[in-house]
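Here's the structure we're looking at; comments come further down.
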Amino acid sequence: MTALRPGQSPPPVRMPSLRIDGAMEFPLKRRSVAETPANRRWWVGFGSMSEVSPQEPAPLSESEIVASRRAKLKRFRDELGFEPYGQREAGLLPLANARKLFSEDAHAAFDAASKEAKATGGVAADSRAVVRVAGRVVQHRDMGKLVFLFLRDATGDLQVSVSKSAVAANAFELAKLADYGDILVIEGPIGRTMKGEVCVWATTVSLGAKSLAAPPEKWHGLSDPELRYRRRYVDMYANPETAKVFAMRARIVSRIRRFMDARGFLEVETPVLQPIAGGAAARPFTTHHNALDMPLFMRIAPELYLKRCLVGGMGKVYEINRNFRNEGIDRSHNPEFTAMEVYEAFGDYGTMMELTESLLHELAVGMVDERANAGLRANAEGPVLPWGEMEINYARPFVRVKFEELFKRGTGIDMRDFGAVRAKARELGLHHEAKLDDWLVVNEVFEEAAEPLIDPCRPTFVTDYPSAISPLTRPSRRDPALCERWDIFIGGMEIGPAYTELNDPDIQLAKFTEQLKGADDEESTFRTLDEDFIESLRVGMPPAGGLGIGIDRLVMLLTDSASIRDVILFPLLKSMAPAASEGSAE
RNA sequence: GAUUGCGUAGCUCAGUCGGUAGAGCAGCGGCCUUUUAAGCCGUAGGUCCUGGGUUCAAGUCCCAGCGCAAUCACCA
């Protein structure tokens, strides 16, 4: 795909969109996940190589570490008779489950029995549970005729001891020669070592996969954030904190689905490849369908399709959707990001507020237990979750404040007194105010002087924005200068907006047309009037409430992550080298 | 887009005033049957991000570029 070049002149107003972006206004000094003291243990690296024929020599520039691992691979296969890339295994237990089968009584009984057996020359009775486990080697201590290993899987770490006297000769050699990062399959009774560590006393050892890549530093691991993102497959297991974040993310998304489903919303999937990128004011990525010889855009929002669903009769719909926006990257923006958009027929921005508050409260309550179980910081008293230096309190009700009131509180002046507002703007150093329409000055002054009043530690709905800065939202029936829109702020980030949706096709058409007039040449290359959408409104869309929530930012908050890149498995990074592009994209 | 910082062995990092490359871990060879960042003996490993420049001499100073991070701007 070819990205449009970033420009400097977006339209001064937004489309009727559920925009998820918003400025992240405050600095947060955070330790990176990798620096957490609790994580400074047992780092190992593993670079999964693409399929390489086992007989092929190493690629050109592999280090001597990789070369020695390849030599070991050959040795495992040729001398020890182990298939280095394993096979289906039955009866494997996750390491945490295996650890739970440890019995103090069985261990003590066996301990006593083996002492007696040693004295009498008999055989000790053994009632210890026998487990079969697999995991990546993250520690390896060779004591000569006894090898201690720590294996790791997604559930945790477990020690294994391989005694020369307890396993076949080739299995003992395998354990001795195992590298950090190798995946081993081990069976044996589970007991304790002399130092008290719960430990599987191996009776068999085999290989699940030989690791060929040089591991990261055993103690400090991967701490360079760039390497952690580029080689996430190493970061994910070398840094258990990383794996926990993504496991939590999965459960959060799952809970969101259950919440929405329980309220009778239907989950739908709408096009990512769109002939017209509508629903938000953002630069799209462009692409092309060859067989149809058709230019296409990656979606910037699903909004216009979800509204078509309302027209079609789906009363309550939602989509957990990946959006693609050809814009800047920072701590709260990734070019592709996940949002949830929700539409409810005969709802409005008030029903969306209730839904949002219930959902976020429920998620926060769930996360208190979740975090405690994961061994992370959590507050025992109520739905209070740490985010960096903050303690964010999700107790209901969330704070609600009208845009106009917050403006007054922040500036001491009435936002409708444009003269005073402009004076305030100049006082704040907003020297370009003269070029802006009155309401845009109001908006800038609001962001400068009023938004900082929002308590970042309390989820806050800012409601009833001026119509003029949200021109595609339905104006309030009580006061046409205002519109039925709110934005929710948490931790200084905008998490999402909601609207009472516009369903008058004539007004919508007029506003689209007006918006297009403001587009410059570059914008007009991708901004097109979606006539089919207007046609769908003419069929008749019920009045509705609409909501957008930035899932990545929400996960940041709930998992105490400082950057959106810490909650996206594979965030976009620049290519390391200008390698020849595959497939000559136009 | 601007500013600042960082970029040295596979990884984590030192490198003084500009004097010709260091440690730990990982690796390799050896010893060790209870280790917890195991230990001991020996050994190998460098495009100091890239390209210029200054200098007798550059990891170090200067310029440009690349990548990452932070802050700001943009984005609404």
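Below, read A as the first sequence line, B as the second, and so on, with proteins coming before strands; counting in each chain starts at 1. Worth saying up front: this structure is predicted, and the values here are computed from it rather than measured.
- Residue Pro225(A) places its side chain closer to A69(B) than to any other of U33(B), A69(B), U36(B).
- Although no hydrogens or angles enter the test, the distance criterion places a donor-acceptor pair under 3.5 Å between the side chain of Thr203(A) and the main chain of Glu187(A).
- The same atom, C1', is picked in U20(B) and in G59(B); the two are 11 Å apart, to the nearest Å.
- Of the candidates G67(B), U33(B), U12(B), U33(B) carries the atom nearest the Lys145(A) side chain, counting heavy atoms from C-beta on.
- One can place OH of Tyr499(A) at 12 Å from P of A76(B), the figure rounded to the nearest angstrom.
- For the pair Trp486(A) (side chain) and Asp464(A) (backbone), a donor-acceptor distance under 3.5 Å is absent.
- The residue among Met194(A) and Leu227(A) whose nearest nucleotide of RNA chain B is located toward the 5' end is Leu227(A).
- In terms of heavy-atom proximity, Glu217(A) sits nearest to His220(A) at OE1-N, 2.5 Å.
- Residue-level contact check: Arg192(A) touches neither bases nor backbone, having no heavy atom under 4.0 Å from any strand.
- Nucleotide G51(B) has C63(B) as its partner under the Watson-Crick or G-U criteria, with both atom distances under 3.5 Å.
- Look at the C1' atom in both A21(B) and G15(B): the space between them is 8 Å, to the nearest Å.
- The interatomic distance linking Lys176(A) (NZ) with C32(B) (C1') rounds to 8 Å, in whole Å.
- Minimum atom distance to the side chain of Glu197(A) is reached by U36(B), of the listed U36(B), U33(B), U12(B).
- Pair assignment for G45(B) gives none, since no Watson-Crick or G-U wobble pairing has each distance under 3.5 Å.
- For the C1' atoms, the distance linking A23(B) with A9(B) amounts to 11 Å, nearest Å.
- As rounded to whole Å, 12 Å separates atom P of C11(B) from atom OH of Tyr233(A).
- More than 12 non-hydrogen atoms from other residues, nucleotides or ligands lie less than 6.0 angstrom from NZ of Lys511(A).
- Relative orientation of the Trp439(A) and Phe418(A) rings is perpendicular, given thresholds of 30° and 60° on the angle between their planes.
- Using bins of under 30°, 30° to 60° and over 60° for the plane-to-plane angle, the ring pair Phe102(A)/His107(A) lands in the tilted bin.
- Rounded to whole Å, the P atom of A26(B) lies 43 Å from the corresponding atom of A64(B).
- With a cut-off of 3.5 Å on both pairing distances, the Watson-Crick or G-U wobble partner of C40(B) is G30(B).
- Residues Asp182(A) and Lys72(A) are not paired through a salt bridge, judged by the lack of any N-O separation under 4.0 Å between the basic side chain and the carboxylate.
- Under the Watson-Crick or G-U wobble criterion, with both distances below 3.5 Å, C13(B) is paired with G22(B).
- Across the P atoms, G39(B) and A2(B) are found 49 Å apart, a figure rounded to whole Å.
- Distance Arg325(A) CZ to C75(B) P: 15 Å, rounded to the nearest Å.
- Across the protein-nucleic acid pair, Asp330(A) atom CG and A2(B) atom C1' stand 15 Å apart, rounded to whole Å.
- The side chain of Tyr229(A) sits closest to A69(B) out of A69(B), C11(B), U33(B).
- On a pure distance criterion of 3.5 Å, a polar donor-acceptor pair joins the side chain of Ser163(A) and the base of U33(B).
- Side-chain atoms of Asp552(A) and Ile568(A), non-hydrogen and from C-beta on, do get closer than 4.5 Å to each other.
- Distance from the side chain of Met143(A) is smallest to U33(B) among C68(B), A70(B), U33(B).
- Look at Arg565(A) and you'll find a side-chain N or O under 4.0 angstrom from OP1 or OP2 of A69(B).
- Rounded to an integer number of Å, the gap from Phe172(A) CZ to U33(B) P is 9 Å.
- Computed from coordinates, the Glu327(A) CD to A76(B) P distance equals 8 Å when rounded to whole Å.
- When the C1' atom is used for both U54(B) and C62(B), the distance is 7 Å, rounded to whole Å.
- Heavy atoms of Asn443(A) sit nowhere under 4.0 angstrom from any nucleic acid atom.
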### Task
Encode nucleotides 22-27 of chain B as B, S and - characters from 5' to 3', where the letter depends on protein heavy atoms closer than 4.0 Å: B to the base, S only to sugar-phosphate, - to neither.
--BBBS
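- The pair Arg192(A)-Glu104(A) meets the salt-bridge criterion, with a side-chain N (NZ, NE, NH1 or NH2) lying under 4.0 Å from an Asp/Glu carboxylate O.
- Across all strands, Ser161(A) comes closer than 4.0 Å to no nucleic acid atom at all (heavy-atom distances).
- Comparing the same atom, C1', in A58(B) and in G52(B) gives a spacing of 13 Å after rounding to whole Å.
- Stacking of Arg152(A) on the aromatic ring of Tyr237(A) is not recorded, the 6.0 Å distance cut-off and the 45° axial limit not both being met.
- Straight-line distance between the C1' atoms of G65(B) and G22(B): roughly 29 Å, to the nearest whole Å.
- In a base pair of the Watson-Crick type (N1 to N3 plus N6-O4 or O6-N4) or a G-U wobble (N1-O2 and O6-N3), with each distance short of 3.5 Å, G1(B) is matched with C72(B).
- The separation between Arg70(A) atom CZ and G10(B) atom P is 17 Å, rounded to whole Å.
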